[in-house]
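Just below is one structure, and these are the notes that go with it.
Because only heavy atoms are used, hydrogens play no part in the values below, and waters and symmetry mates are left out as well, while side chains stay in.
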Amino acid sequence: MALGLKCFRMVHPTFRNYLAASIRPVSEVTLKTVHERPHGHRQYMAYSAVPVRHFATKKAKGSLDKIAVVTADGKLALNQISQISMKSPQLILVNMASFPECTAAAIKAIRESGMNLNPEVEGTLIRVPIPQVTREHREMLVKLAKQNTNKAKDSLRKVRTNSMNKLKKSKYTVSEDTIRLIEKQISQMADDTVAELDRHLAVKTKELLG
């Protein structure tokens, strides 16, 4: 049994770490759009990393805070390189005066954030009109949430398979009963996580579509 526990500790951390990330509500799953930098060019580029929790029908300036901009010196959140304020319930202002060289990248990141935003620029001031939420837009957000849920499930299956494979390699040092017990525990953890993902997806779908 001691060897069995040692084997479980060997397999479990990887699986547990993935579960810690996967079990987050689907509303926190991140969408990323990465743009590679051409060789020999120092430029600022957009990196959209917008949690699905922002795929909502209510927009606020906080929704833009964590949109990331990749510069030649690293990734920076939009609220670190700008001043974001609400001009009105229908308009968000993003002041890029402190980092004017990042203005183009910030605009690109906002456009590709998945929040159906179409920013306008006036010098270093980015105006972000809040669009009227249509049924079509709500359905698009639900579709994105489902896509991210399915991606999380696919990743979970891969981690589960890798954990099982590691466990099977210990069959010469661990009893079959112990291996079966650990396999059952891993499967139960995976099933519980899938159920949790489905539950959060249902909550987000209801929130978006009513």
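- Residue Ser163 holds its OG atom at 8.5 Å from CG of Leu167, rounded to the nearest 0.5 Å.
- Every salt bridge (Lys or Arg N to Asp or Glu O under 4.0 Å) that Arg180 has, sequence neighbours left out, goes to Glu176, Asp177.
- With sequence neighbours excluded, the residues forming a side chain to side chain donor-acceptor pair (under 3.5 Å) with Glu139 are Arg135, listed by chain and number.
- Residues Thr103 and Gly123 approach most closely at CG2-O, 4.1 Å, considering heavy atoms.
- Between Ile107 and Ile126, the closest side-chain pair of non-hydrogen atoms falls below 4.5 Å.
- Leu125 places none of its side-chain heavy atoms less than 4.5 Å from the side chain of Met96.
- For the atom pair Leu91 CG and Met86 CE, the distance stands at 8.0 Å (nearest 0.5 Å).
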The test is side-chain contact (heavy atoms from CB on, under 4.5 Å); show your working for Ser98 and Gln83 and say whether it passes. CA-CA 9 Å; Ser98 297; Gln83 292 183 333; 5.7 Å; no
With side-chain contact (heavy atoms from CB on, under 4.5 Å) as the test, would you mind laying out the steps for Cys102 and Ile81 before giving the verdict? CA-CA 8 Å; Cys102 297; Ile81 59 175; 4.0 Å; yes
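- Annotation: the span from Ile186 atom CD1 to Lys166 atom NZ amounts to 10.0 Å, rounded to 0.5 Å.
- For the atom pair CG of Leu201 and NZ of Lys204, the computed distance is 10.5 Å after rounding to the nearest 0.5 Å.
- When the side chain to side chain donor-acceptor pair (under 3.5 Å) test is applied to Asp198, the partners found at least two apart in sequence or on another chain are Lys153.
- A donor-acceptor pair under 3.5 Å is absent between the side-chain atoms of Arg138 and the main chain of Leu209, judged by distance alone.
- Contact detail for Ile130 and Pro89: the closest heavy-atom pair is CG1-O, 3.7 Å.
- Rounding to the nearest 0.5 Å gives a distance of 6.5 Å between CG of Leu64 and CG of Leu78.
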Val121 vs Arg127, test: side-chain contact (heavy atoms from CB on, under 4.5 Å). Steps then yes/no. CA-CA 6 Å; Val121 63; Arg127 301 167 62 87; over 6 Å; no
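- Annotation: the span from Ser63 atom OG to Ile110 atom CD1 amounts to 11.5 Å, rounded to 0.5 Å.
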Criterion side-chain contact (heavy atoms from CB on, under 4.5 Å) on Thr161 and Lys158, from CA distance to verdict: CA-CA 5 Å; Thr161 298; Lys158 291 178 182 178; 5.8 Å; no
